[in-house]
Each structure stands twice: as structure tokens, then as C-alpha cells.
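Heads up, the thing below is written out as C-alpha cells.
Residue indices begin at 1 and follow the sequence shown. Computed from heavy atoms alone, side chains included, the values below leave out hydrogens, waters and symmetry copies. Atoms within a ligand are numbered from 1 in the order they appear, just like the ligands themselves.
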Amino acid sequence: MTVLSPRPDLWTLDPDVVHLNHGSWGAVPRRTQEVLASLRAEAEANPMVWFRSVPERLTAARLELAAFLEADPAGFALVPNASAGITAAFATVPISSHIVTTSHVYGASRFAAERVARASGAELRVVDLPMQADDATIVALIEPQLTGACALLVDHVSAATGTILPIARLVELAHTYDVPVIVDGAHAPALIDAPTGDGADFWTGNFHKWPSAPRATAGLVVAEKWRTAAYPLITSWSEYDERLPERFDMQGTQDYAAWIAAPESLRVLADLEWSVRRPQITAMLEEGARLVAKALGTSVGEVANPAPTLRLVELPIFVADAEPFKQHLSRELQIEITLTGFEGRSFIRLSAHAYNTPECYQKLSEGLPRVLA
Ligand SMILES: Cc1ncc(COP(=O)(O)O)c(C=O)c1O
């Protein structure tokens, strides 16, 4: 099998910094940045001509993005981010009784559930899923809460632990209880193939994470039965368009360049031979995570079904306030990581992308014990 070389040259990341947190904000390759800059220059050369061209260009970009997910284009809408997708989904589903979610849920998505629960006098039930829970355990723990529920909100890939949840099984189960399912797939595009195919009522995912699209590019996939009821968060000129994707396209005066440039990043992934490269990146990350854990005298987080490019390494100390810790590492070591806390334990969440090399993890394993000493 061909071993593909890391390609930091395709990004413009500061070479003096070790970037091990693609998961939070992504990073846009040089080629996409150039397309984006040239689209913005076009817009500034003649805003009238630019805005006239936007609807057609948005359609083309949207179709490419839907095809990347293997989603039905008639049910695929552009949204700025997964948070917007979740909010739009909760604005569509009738809320009464109780909403079910899990202890893995992303904080902002949980807030969206809390907001609609508050407004409707509904309850939010949070099912505790142990970090190492496998698919059968996850399904068994969620099922008892589904009777009489009005919605189930689940992550496709949990930000807290990197766990891939068994979406197909959960959707099938929830539908036997007539419970609509909202999937927070923020991390799923490029990590899970055909991630929207499990029949969820709503699925949302970010292109600005693993596919490295320009920021504020995400998709919302809506099942057929909800397509006439789902509306974007901004009321604008397409309010009465009967087609779901077009209703979400033009959201007033905005910078549409990111959405139009996003397919360039999909072409970068294709040129990187992403499907061949991804398992190689996983192997590098697993080796790197073991190295860091060994240097710390801890272990790699025991996640049953981890996403290919995220791994947890336990810290020997509990970090109550993550931000000062991250900033300290950034200043002292020029290493960017993120932290996650789960079940009262603190972990570094390591990412891997095509620009990372084994040396990135080596440097972390050398520097971190010094900083913690
Ligand atoms: C699981 C999960 N859901 C939702 C989000 C929110 O994504 P965004 O900030 O693009 O709305 C994130 C961001 O990291 C996430 O990890």
C-alpha cells in the first residue's frame, strides 16, 4: 500500500507552531484561501454583478457539497454552522413533554435544546453514557427515555470523547417510539462516509471542520416529511420558496464567498487521496497518542468506537479551567491543543490532519511533562 507523505505545504499554518487541534476551528488550505480571496475581489470590483451571480453559484456549490455527503440534494440546505442547523431543527420539531439527549452532547447544542424546552415547558433528559460505552450500551441506555419523548438529540461524533454514536440504530429505535431524531454531525463530514444516510429527521454537519472548507460553511439535511416545515433562522426574500434548499440559500446581504469557495476544499481532499490517507492519519495519531500518554504516565482515553482523527490522552492532573492551560501550552511550547473534561477527568483531545507529522506528537510528548512538572 502506498504510504502518503504529510502535506503541510498545502496549508499556510505557522511552521513554528505545532497544530494539534484541527477539530475546533479547522484550517483552510492555501488553494481554497486563494479562491476565496479572488471571489471577494470580484465582489468588491462590482457588487451589483457579484450579487446577481450569487444564486447560481450557490446552487452549484450546494450540489457539490451535498454530493460529497451523498445526501439527497432536495433535502440539503446550506447553513453557516452546525449550531444554526441544530437551532433550525429545534425550531421545526413540535416540542412538548421531554427532549432526550446524552452526556456527550456539545454544550451549545444542549443550550439549543434547553431554549426550546424552556419555551414550551418541556423537560430535557440527559442520559449518562460512560466514556467507553459501546453501541449496544448506548442504545440500551437511551431506549428507556424514548417513551413519550418529543425529540432525541444525539451527536454523530461526540466532541467530548470523539465517540462515533450508532446513529442508524438510534434512528430506527427512536422511530419505533415516533420520536424525531436530530443528529449533531458537526464532526462527521470527511470522517464518516455518507454520514447522512441513516434516516435521521435532521442532520447537520460542518464543512469548516474536517473537510477544511472556509469557515461558516455547514449543511442541514432534512428528511422529506419536514421539508415544507423547516425554515432558516433569518427571514428573507426566499421565505415563500417551496423548495427547501433554495429557501435557505439567500439570507439577506451576507458574505456568500465562503459557501461558493467551499467545494475547492473538497477537491483538495480528493487530491490528497483522502480515503487512502485517512486510515494512515489514524495510525499516526494512535501512535502519537500512545507516545504522549507514556510520557505523562497516563493512558489513551478508552473510547469504544473513536472517530478516525480524534484521540483523548488523560492528563495526570484535573484542570478545572481549560483556557489558561491551553494558553500556557501555546505560549510555553508553541503547541495548540484542546482539552476536554469527562466524568471528572481531564483529557487532551488530539487531532490529526494531512498537515500533521509524527514529530508533532513527539514534540508534545517532550514538552508536556516539563510544563506539568
Ligand atoms: C459536536 C459539536 N456540535 C456542534 C458544534 C458547533 O459547531 P459550530 O461552532 O460550527 O456551530 C461543535 C463545534 O466544535 C461540535 O463539536
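The protein non-hydrogen atom at the shortest distance from atom 16 (O) of ligand 1 is His187 NE2, 2.9 Å. Atom 5 (C) of ligand 1 has as its closest protein heavy atom Tyr106 CE2, 3.2 Å. Protein heavy atom closest to atom 11 (O) of ligand 1, with residue, atom name and distance, is Ser83 OG, 2.6 Å.
At a threshold of 4.5 Å between non-hydrogen side-chain atoms, the residues Phe207 and Pro263 do not count as touching. Side-chain contact between Phe68 and Pro211 is present, with at least one heavy-atom pair separated by less than 4.5 Å.
A salt bridge is absent between Arg169 and Glu172; no separation between the charged side-chain nitrogens and carboxylate oxygens falls under 4.0 Å.
Using a 4.0 Å cut-off to heavy atoms of Asn81, the atoms of ligand 1 that qualify are 8 (P), 10 (O), 11 (O). Counting the atoms of ligand 1 from 1 in the order shown, those under 4.0 Å from a heavy atom of Ala159 are 1 (C), 16 (O).
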Intermediate values then yes/no, side-chain contact (heavy atoms from CB on, under 4.5 Å), Leu165 and Leu129 | CA-CA 11 Å; Leu165 278 89; Leu129 300 180; 4.1 Å; yes

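The N/O atoms of Asp184, backbone and side chain alike, include one that comes under 3.5 Å of an N/O atom in ligand 1. Distances between N or O atoms of Asn206 and those of ligand 1 include at least one value under 3.5 Å.
Both the sub-6.0 Å distance and the 45° axial angle are not jointly satisfied by Arg62 relative to the ring of Phe76.
Comparing Arg110, Arg215, His208 by heavy-atom distance to atom 10 (O) of ligand 1, the nearest is His208.
By the 6.0 Å contact criterion, CD on Gln334 is enclosed, its count of non-hydrogen atoms from other residues, nucleotides or ligands being greater than 12.
At least one heavy atom of Lys209 lies less than 4.0 angstrom from ligand 1.
When all heavy atoms are compared, the tightest approach of Met131 to Thr161 is CG-CG2, 3.7 Å.
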